[in-house]
Amino acid sequence: MGKMEMITTTSPRKGVNNVHPTPPPLPAKAPKYGRKGIFMSKRSALTRYNSASSTARDLWDSLFDGGYRADVTIKTDYGGIIYAHANVLGMASPVLRGMLKRAKGFGKKRSISIHGVHQDAVRVFIRFLYSSRYEYEEMKEFMVPLLVLSHAYAVSSLKRVCEQQLEHGLLNLENVVDIFQLSLLCNAPRLTLINHRMILSNFKAVSATEGWKSMRNSHPGLEKELLESVIEEENNQKEKTRKSKERKIYLELFEAMEALVHICRDGCRTIGPHDKDFNQNQTPCKYRTCKGLELLVRHFAGCKLRVPGGCIHCKRMWQLLELHSRLCADSTSCRVPLCSNFKEKVKKQSKKDEIKWKILVKKILRTKRIGGSVSFIASSNSMSS
């Protein structure tokens with residue numbers, strides 16, 4: 001009949017037409033929920049957020065506590081029994097779902113067993129499967145068995161909760177070794193890293209705990225690996241300290257070069273260019289090494305044993321002047337004494353000394369992260385040649 005809005009037929013009697021009303025529209029296509037009903041495999045916009053109210057959680061807790069129409073009996077150590085619902089257990093844990101499929105029982109009731117942990121820990125675990133709730137004191141008391149159960153029965157939400165609680169307060173020096181071994185067994189890499197760092201940072205205190213002694217007897221290979229890590233960490237710290245001190249020296253040398261140019265070019269206190277008068281009320285010098293360098297320059301100017309090797313202070317001054325000449329970009333206009341003389345001396349130095357000075361200059365420039373931005377610094381091309 002297509003898109004006709006009215007259907008007209010001819011009556012057996014002549015001249016009489018029967019007019020039928022337009023049929024109502026067909027109902028909309030019903031949504032397909034599949035075998036899982038309203039709990040679809042793909043998360044809808046509604047299930048992206050944890051919108052469960054406290055009332056709903058209370059209802060799930062009441063269902064667990066009351067055991068209304070419970071069809072599963074969970075047997076624990078020392079004859080303990082916990083009643084639960086197969087649908088809840090199967091939805092929360094794929095491992096429990098497989099156990100329920102293989103479980104035997106009378107009628108519709110089935111029985112499974114969870115052994116190896118305290119009955120109260122099993123009860124806290126099953127309650128979490130219902131409402132995702134837990135008491136802090138219970139979590140604190142049964143942290144280790146709950147972490148084991150969450151891994152053994154593939155309850156990732158509880159596993160994340162255990163890791164977070166350990167990371168934010170429940171992990172301490174007494175249990176860090178036990179939790180470290182457990183995190184390796186439970187495939188918890190972040191928790192393993194946190195434990196490993198705590199052991200390395202507090203090795204002396206941790207190695208005196210009962211957990212460490214127990215690990216030494218049960219897992220000597222793991223103890224050996226931790227000891228190797230401690231030695232490696234100590235070596236890394238020493239290397240870090242050495243590089244820090246080395247960097248500090250290079251920075252001080254660079255600041256000394258700046259202060260030397262400042263003294264000879266601009267003048268500071270009582271030392272400076274011979275053609276400049278100094279104001280008595282001049283502002284304090286901004287160079288930290290200026291005062292010490294001034295004393296060294298004044299000593300150098302009046303020392304009777306100025307020749308290299310004759311005076312330790314003068315020897316240091318000779319080295320600073322040579323270092324400046326290697327950093328100076330324009331020795332012809334430089335006002336630092338002996339700059340051009342050292343430039344000529346460089347040409348006659350041995351290859352071994354030349355390599356040594358080049359390495360020092362490169363390290364100073366690398367530490368300061370400059371590349372010829374200051375007037376007395378040589379260009380990067382000349383330094384790399």
Worksheet item: In terms of the angle between their ring planes, are His313 and His299 parallel, tilted or perpendicular, with boundaries placed at 30° and 60°?
Response: perpendicular
Go through Tyr134 and Gln165 one step at a time and tell me if the side chain to side chain donor-acceptor pair (under 3.5 Å) criterion holds.
-> CA-CA 12 Å; Tyr134 61 90; Gln165 291 297 329; 3.0 Å; yes
Any Leu185 side-chain heavy atom under 4.5 Å of His151 side chain = no
Worksheet entry | Phe64/Leu129 under side chain to side chain contact (heavy atoms under 4.5 Å, CB included): CA gap, chis, key distance, verdict | CA-CA 10 Å; Phe64 170 68; Leu129 301 184; over 6 Å; no
* Asked: Quick one: are Leu149 and Lys159 in side-chain contact, heavy atoms under 4.5 Å?
  -> no
- Item | Joint cluster assignment, Met91 & Ile74, ILVMFWY side-chain distance < 4.5 Å | no
Ile81 and Arg123 have their tightest heavy-atom pair at O-NH2, 4.0 Å
Between the CG atom in Leu100 and the CZ atom in Arg102, the distance rounded to the nearest 0.5 Å is 9.5 Å
### Query
Do any N or O atoms from the side chain of Asn175 and from the backbone of Asn172 form a donor-acceptor pair under 3.5 angstrom?
yes
Do Met215 and Leu226 come close enough that some side-chain heavy atom pair is under 4.5 Å?
-> yes
Rounding to 0.5 Å, atoms CZ (Arg316) and SG (Cys311) come to a distance of 9.5 Å
Nearest heavy-atom contact between Val206 and Trp212 is O-CB, 3.4 Å
Side-chain heavy atoms under 4.5 angstrom apart, residues restricted to Ile, Leu, Val, Met, Phe, Trp, Tyr: same cluster for Ile231 and Leu200? no
Closest heavy-atom pair, Tyr153 versus Ser93, reported as atoms and distance to 0.1 Å, is O-OG, 2.6 Å
Review point. Can Glu246 and Lys363 be said to form a side chain to side chain contact (heavy atoms under 4.5 Å, CB included), step by step?
Key: CA-CA 10 Å; Glu246 188 178 75; Lys363 288 184 176 181; 4.2 Å; yes
message = Counting neighbours of NE2 on His219 that are heavy atoms of other residues, nucleotides or ligands and sit closer than 6.0 Å, is the number greater than 12?
response = no
Output yes when a side-chain donor or acceptor of Ser325 lies under 3.5 Å from a complementary backbone atom of Glu322, and no otherwise.
yes
Partner of Gln237 under side chain to side chain donor-acceptor pair (under 3.5 Å), picked from Glu234, Glu233, Glu239, is Glu233
Should we say atom CD of Glu228 is surrounded by more than 12 heavy atoms from elsewhere, each under 6.0 Å from it? yes
Sidechain-backbone polar pair: Ser244 side chain, Lys240 backbone, donor-acceptor under 3.5 Å: no
Identify every side-chain donor-acceptor pair in residues 82-89 under 3.5 Å, counting partners at least two apart or on other chains, and give the distances.
| from | atom 1 | to | atom 2 | distance (Å) |
| --- | --- | --- | --- | --- |
| His85 | ND1 | Tyr130 | OH | 2.6 |
| His85 | NE2 | Tyr68 | O | 2.5 |

Closest non-hydrogen contact found for Asp178 with Gly211 is OD1-CA, 4.0 Å
Give a yes or no on this: more than 12 heavy atoms of other residues, nucleotides or ligands lie within 6.0 Å of atom CZ of Arg242. yes
Less than 4.5 Å apart, any side-chain heavy atom of Met139 and any of Val161? yes
Apply side chain to side chain contact (heavy atoms under 4.5 Å, CB included) to the pair Leu166 and Leu191, showing each step before the final yes or no.
CA-CA 8 Å; Leu166 284 167; Leu191 186 58; 3.8 Å; yes
*Verify salt bridge (charged side-chain N to carboxylate O under 4.0 Å, His left out) between Arg133 and Asp58, making sure each step is shown before the conclusion.*
CA-CA 10 Å; Arg133 276 181 172 176; Asp58 291 341; 2.5 Å; yes
- Query: Can you get from Leu193 to Leu147 by hopping between Ile, Leu, Val, Met, Phe, Trp and Tyr side chains that sit under 4.5 Å apart?
  - Reply: no
Subject >> Shared hydrophobic cluster for Ile249 and Leu365 (ILVMFWY, side-chain gaps under 4.5 Å) >> reply: yes
Does the side chain of Leu253 come within less than 4.5 Å of Leu360's, by heavy atoms? yes
| Does Val72 offer a backbone N or O that forms a donor-acceptor pair with the side chain of Arg110 under 3.5 Å? | no
Evaluate whether atom CZ of Arg216 has more than 12 neighbouring non-hydrogen atoms of other residues, nucleotides or ligands under 6.0 angstrom away. yes
Which of Arg190, Arg160, Arg197 passes salt bridge (Lys or Arg N to Asp or Glu O under 4.0 Å) with Glu167? Answer is Arg190
Taken to the nearest 0.5 Å, the spacing of Phe125 CZ from Ser150 OG works out to 7.5 Å
Test log, rule side chain to side chain contact (heavy atoms under 4.5 Å, CB included), inputs Trp357 and Leu323 = CA-CA 8 Å; Trp357 278 102; Leu323 178 60; 3.8 Å; yes
CZ of Arg326 to CD1 of Ile364, rounded to nearest 0.5 Å, is 11.0 Å
| said: Could you tell me if the side chain of Glu163 sits less than 4.5 Å from the side chain of His168, heavy atoms only? | reply: no
In the structure I gave you, are the side-chain heavy atoms of Cys339 and Leu321 within less than 4.5 Å of one another anywhere? no
Has the side chain of Asp77 got a donor or acceptor atom that lies under 3.5 Å from a matching backbone atom of His118?
no
Note: Ala121 and Leu146 closest approach over all heavy atoms is O-CD2, 3.7 Å
For Asn195 and Phe180 the tightest heavy-atom approach is OD1-N, 3.5 Å
Here the gap from Ile179 atom CD1 to Gln181 atom CD, rounded to the nearest 0.5 Å, amounts to 10.0 Å
Here the gap from Leu173 atom CG to Lys204 atom NZ, rounded to the nearest 0.5 Å, amounts to 13.5 Å
Below 4.5 Å, heavy atoms only, C-beta onward: do Glu141 and Glu137 meet side chain to side chain? no
Requested in this report: Show your working on side chain to side chain donor-acceptor pair (under 3.5 Å) between Thr192 and Ser183 and close with a plain yes or no.
Outcome: CA-CA 5 Å; Thr192 302; Ser183 64; 3.0 Å; yes
